[in-house]
Amino acid sequence: MKRVVDIGVLLSRSGMYAALSRASRDGVFRAVEEVNADPSLDVSFRVTERDPDGRLDRYAPLCREILRGSQARHIFGCITSASRKEVIPELERFDGILWYPVPYEGFEASERVAYMHSCPNQHLLPLLDWALPTLGTRAYLVGSNYIWGWEMAQIAREKIAAAGGQVLGDRYLPIGDTELDHIISDIRALKPDFILNSLVGDSSYAFLARLAQLKQEAEFADGLTVLSCNFTECEIEAAGDAAEGVVSAGPWFEPDGGIGGSFHEMARQSVHELALLLHGRPGAEELPFGGAVTYGASQRPPDAARPCSSARAPACHHCAA
């Protein structure tokens, strides 16, 4: 008989970055079905879900609602670093743990968060190691106006400067903003060797569409390569043909042309990781995360298959070898 463990889901089904959030949500629910159907595990999951609708002001109260109104201590969710930071005080206050399945910028190490996706030494720095000698050293940086965009730009500036390169422009937009005339004018005038795009959701799709128009001009036909560390397959439909040519870095890509991408897969693997940590350990869902990981690793049978590939494993801040 499987024991039932409550978990929370805090992912938006609408809003400015809905494609990313829906991919993560689909990954969580797929994994819940897989865990619940797996006879080799003695744990099954029951989901308490709240939908923030992509609104930053809803994450903290809905996180609090899950933790106070259910038995769930583990929550899968948040898409932006801003929303992650919003819920950390609630996790600390009500003894919860967030499984964060999307790229993050580093510079944070909360014991209340399992950072399950990649960080800059695993996506941005390798991407720039390729781009600088391949494309050139004159860069243009554009990002959403919050911690993800700021920190990605700061790391990129340091890396580009160390390579003897130059940052020609560094511009930010509020999340969801699609007013891009000033940025496109900059790019037309400066003609960078490449563009690092750290925009999120609708802002990113609009930016790629405007760049696609610019590439129709003869002088830009062979230039304007766009790099990204947060654009994945789940956004191709939203971006349309403008996604053509984007060079993206991440820990995992769909092997068969699927559209879920790493947001879906890392969310899925996060649920499986929790199931393995709880398997055979009644009450372990109440442990602090660090204790659960340490105990779970020492108790896991040598032949127990990890749900994550070797390419993904270092992306977990807490579980890195």
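Values reported hereafter were calculated over all heavy atoms of this structure, with side chains retained and with hydrogens, waters and symmetry mates removed.
- Side chain of Ser110 to main chain of Arg112: a donor-acceptor pair is present (N/O by atom type, distance under 3.5 Å, no hydrogens or angles).
- Minimum interatomic distance between Glu86 and Ala60 (heavy atoms only, all atoms of both residues): O-CB, 3.6 Å.
- Nearest heavy-atom pair, Ala238 versus Tyr205, reported as atom, atom and distance to 0.1 Å: CB-CE1, 3.5 Å.
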* Could you check Leu20 against Val200 for side-chain contact (heavy atoms from CB on, under 4.5 Å), going step by step and ending with a plain yes or no? => CA-CA 9 Å; Leu20 302 170; Val200 174; 4.2 Å; yes
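- Phe194 and Leu180 fall into different hydrophobic clusters, where Ile, Leu, Val, Met, Phe, Trp and Tyr are joined by side-chain heavy atoms under 4.5 Å apart, directly or via other members.
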* Asked: Could you walk me through whether Glu265 and Arg268 pass the salt bridge (Lys or Arg N to Asp or Glu O under 4.0 Å) check?
  -> CA-CA 5 Å; Glu265 185 62 15; Arg268 173 179 168 270; 2.9 Å; yes
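- For the atom pair CD (Gln269) and CE (Met116), the distance works out to 7.0 Å, reported to the nearest 0.5 Å.
- With sequence neighbours excluded, the residues satisfying ring pair (Phe, Tyr, Trp, His ring centres under 6.0 Å) with His123 are Trp148.
- Using a 4.5 Å heavy-atom threshold, the side chains of Met266 and Val102 count as separate.
- Gly176 approaches Ser203 most closely through the heavy-atom pair N-OG, 3.0 Å.
- Within 6.0 Å of atom CD in Glu244, 12 or fewer heavy atoms from other residues, nucleotides or ligands are found, so the atom counts as exposed in its surroundings.
- In this structure, CG on Leu124 lies 4.5 Å from SG on Cys229, to the nearest 0.5 angstrom.
- Between Arg3 and Glu285 a salt bridge is recorded (basic side-chain N to carboxylate O distance below 4.0 Å).
- When hydrophobic clusters are built by joining Ile, Leu, Val, Met, Phe, Trp and Tyr residues whose side-chain heavy atoms come closer than 4.5 Å, directly or via intermediates, Leu190 is grouped together with Leu224.
- Sorted by first and then second residue, the pairs that involve residues 162-173 and meet side chain to side chain donor-acceptor pair (under 3.5 Å), not counting sequence neighbours, are Arg157-Asp170, Asp170-Tyr172, Arg171-Asp186.
- Annotation: the span from Leu278 atom CG to Ile7 atom CD1 amounts to 10.0 Å, rounded to 0.5 Å.
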Can I get a per-line list of side-chain donor-acceptor pairs under 3.5 Å for residues 126-136, giving both atom names and the distance, sequence neighbours left out?
{"residue": "Asp129", "atom": "OD1", "partner": "Lys159", "partner atom": "NZ", "Å": "2.6"}
{"residue": "Thr134", "atom": "OG1", "partner": "Trp130", "partner atom": "O", "Å": "2.6"}

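- Asn230 is not listed as a side-chain neighbour of Leu199, based on a closest heavy-atom distance of 4.5 Å or more.
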* **side-chain contact (heavy atoms from CB on, under 4.5 Å) evaluation trace for Ile184 with Phe207** => CA-CA 8 Å; Ile184 297 300; Phe207 177 64; 4.3 Å; yes
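- For Ser185 and Arg188, the side-chain atoms include no donor-acceptor pair closer than 3.5 Å.
- Counting heavy atoms from C-beta on, the side chains of Trp150 and Asn145 come closer than 4.5 Å.
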* Take Glu108 and Glu151 through the test side-chain contact (heavy atoms from CB on, under 4.5 Å) and record every step on the way to the result. => CA-CA 11 Å; Glu108 177 187 287; Glu151 298 294 1; over 6 Å; no
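- At distances below 3.5 Å, at least one donor-acceptor pair connects side-chain atoms of Asp51 with backbone N or O atoms of Arg13.
- For the atom pair Cys78 SG and Ile88 CD1, the distance stands at 8.5 Å (nearest 0.5 Å).
- Using cut-offs of 30° and 60° on the angle between ring planes, the pair Tyr115 and Tyr104 is parallel.
- Of all non-hydrogen atoms in Ser81 and Tyr100, the two that sit nearest each other are N-OH, 3.4 Å.
- In plain terms, the two heavy atoms of Met16 and Gly54 that are nearest each other are CE-O, 4.5 Å.
- Residues Arg55 and Asp53 are not paired through a salt bridge, judged by the lack of any N-O separation under 4.0 Å between the basic side chain and the carboxylate.
- Using a 4.5 Å cut-off on side-chain heavy atoms (C-beta onward), Phe231 and Leu208 make contact.
- Follow the hydrophobic side-chain contacts under 4.5 Å out from Leu41 and you reach Phe29 in the same cluster.
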Quiz: residues 64-72 side-chain donor-acceptor pairs under 3.5 angstrom, not counting sequence neighbours:
{"residue": "Arg64", "atom": "NE", "partner": "Glu90", "partner atom": "OE1", "Å": "3.0"}
{"residue": "Arg64", "atom": "NH2", "partner": "Glu90", "partner atom": "OE2", "Å": "3.2"}
{"residue": "Glu65", "atom": "OE2", "partner": "Arg50", "partner atom": "NE", "Å": "2.5"}
{"residue": "Glu65", "atom": "OE2", "partner": "Arg50", "partner atom": "NH2", "Å": "3.3"}
{"residue": "Ser70", "atom": "OG", "partner": "Ile66", "partner atom": "O", "Å": "2.7"}
{"residue": "Ser70", "atom": "OG", "partner": "Ala72", "partner atom": "N", "Å": "3.1"}

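- When atom types are taken as modelled, the side chain of Gln122 and the backbone of Cys119 share a donor-acceptor pair closer than 3.5 angstrom.
- Note on Asp6 versus Arg73: no salt bridge recorded, every NZ/NE/NH1/NH2 to OD/OE distance being 4.0 Å or above.
- For the atom pair CG (Leu10) and CD1 (Ile79), the distance works out to 10.0 Å, reported to the nearest 0.5 Å.
- Heavy-atom minimum distance, Gly260 versus Thr232: O-OG1, 4.3 Å.
- A side-chain donor-acceptor contact under 3.5 Å links Lys2 to the backbone of Val43.
- Proximity of Phe45 to Leu274: side-chain heavy atoms (C-beta onward) are separated by under 4.5 Å at one or more points.
- Using a 4.5 Å cut-off between side-chain heavy atoms of Ile, Leu, Val, Met, Phe, Trp and Tyr, with links allowed through other members, Leu125 and Val226 fall into different hydrophobic clusters.
- A tilted orientation is assigned to the rings of Trp99 and His74, their planes being inclined by 30° to 60°.
- Put simply, the side chain of Ser24 never gets that close to the backbone of Ala267: no donor and acceptor are under 3.5 Å apart.
- Taking the side chain to side chain donor-acceptor pair (under 3.5 Å) definition, one finds that Glu219 meets it with Lys191, sequence neighbours left out.
- Listed for the Asn36 side chain is no donor-acceptor partner under 3.5 Å among the backbone atoms of Ser44.
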* Could you check Leu173 against Ile183 for side-chain contact (heavy atoms from CB on, under 4.5 Å), going step by step and ending with a plain yes or no? => CA-CA 10 Å; Leu173 287 176; Ile183 293 176; 4.0 Å; yes
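- Contact check for Ser21 versus Phe263: no side-chain heavy atoms found under the 4.5 Å cut-off.
- How far OG of Ser228 is from CD1 of Ile195: 12.0 Å, rounded to the nearest 0.5 Å.
- Val28 and Val4 fall into different hydrophobic clusters, where Ile, Leu, Val, Met, Phe, Trp and Tyr side chains are chained together by heavy-atom contacts under 4.5 Å.
- Residue pairs satisfying the salt bridge (Lys or Arg N to Asp or Glu O under 4.0 Å) criterion with at least one member in residues 230-243, sequence neighbours excluded, are absent.
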